[in-house]
Novice: 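Submitted below is the structure of interest, expressed as structure tokens.
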Amino acid sequence: MNKQASLTVLNSYNKNTLMETLEIEFVDVGNNFITAKMPVTPKVHQPYGILHGGATAALAESVGSCASAFFLRDSNKIIKGIELSINHVKSKREGYVFATAKAIHKGRTTHLWEVRIVDEDDNLISLCKITNIVLDKQ
């Protein structure tokens, strides 16, 4: 796997999407994981000046869904998220958060990913699970 070419492909998914709006950038990829970062600025704050749980969930779903699509590599299939659960364990005011998706299960029709969201010091911010369904393109 050519890491830089893979990151270019992954970041091309961001154009004209919520991922572009939230400035999500894929920064690492391996044989069984994908990592993206998102800046924590007032643009993604809730009224108390901390990272909004919805922005965190959007990051988690983006990384988990892109991981399914990237590792599936079947142009006749599409991926749709069907369930997302997320536990927020620590707040964040500024800097970056990093989301890493690792496969728990990659079946023929469903994928289950664990997404860990950490800060620059590897402190756990949120822990997520996302289930994706694999469908035929119509």
Novice: Spell out, yes or no, whether Val44 and Met19 are grouped together once hydrophobic residues are joined by side-chain heavy atoms under 4.5 Å, including indirect joins.
Specialist: yes
Novice: With distance as the sole test, does Lys80 use its side chain to make a donor-acceptor pair with the main-chain N or O of Asn132 at under 3.5 Å?
Specialist: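 No; zero donor-acceptor contacts below 3.5 Å.
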Novice: Treating Asn11 as the side-chain partner and Leu7 as the backbone partner, does any N or O pair qualify as donor plus acceptor under 3.5 Å?
Specialist: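 Yes; at least one donor-acceptor contact below 3.5 Å.
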Novice: Would Leu84 end up clustered with Ile117 when hydrophobic side chains under 4.5 Å apart are linked, directly or stepwise?
Specialist: yes
Novice: Could you tell me how the ring of Phe98 sits relative to the ring of Tyr96: parallel (under 30°), tilted (30 to 60°) or perpendicular (over 60°)?
Specialist: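 If you compare the ring of Phe98 with that of Tyr96, the planes turn out tilted.
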Novice: So does Glu120 pair up with Lys92, basic N to acidic O under 4.0 Å?
Specialist: yes
Novice: Can you confirm whether Val29 sits close enough to Phe70 that some side-chain heavy atom of one is under 4.5 Å from a side-chain heavy atom of the other?
Specialist: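 Counting from C-beta outward, Val29 and Phe70 do come under 4.5 Å.
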Novice: Checking Asn14 side chain against Ile24 main chain: does a donor-acceptor pair fall under 3.5 Å?
Specialist: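 Answer holds: yes.
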Novice: With sequence neighbours left out, write down each residue that passes salt bridge (charged side-chain N to carboxylate O under 4.0 Å, His left out) with Glu23, or none if nothing qualifies.
Specialist: Lys43
Novice: Any side-chain to backbone donor/acceptor pair from Asp74 onto Asn76? Under 3.5 Å, distance only.
Specialist: yes
Novice: For the backbone of His52 and the side chain of Thr56, can you confirm whether one donor and one acceptor N or O come within less than 3.5 Å of each other?
Specialist: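 Confirmed, Thr56 side chain pairs with His52 backbone.
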Novice: With distance as the sole test, does Glu61 use its side chain to make a donor-acceptor pair with the main-chain N or O of Ala57 at under 3.5 Å?
Specialist: no
Novice: Give a yes or no on whether the backbone of Ala103 and the side-chain of His111 come within a donor-acceptor separation of less than 3.5 Å.
Specialist: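 Between the backbone of Ala103 and the side chain of His111 there is no qualifying donor-acceptor contact (under 3.5 Å).
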Novice: Can you tell me if Asp28 and Thr35 form a side-chain donor-acceptor pair at under 3.5 Å?
Specialist: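 Distance-only check fails for Asp28 and Thr35.
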Novice: So, applying side chain to side chain donor-acceptor pair (under 3.5 Å) with Ser126, which one of His88, Lys90, Arg116 is it?
Specialist: His88
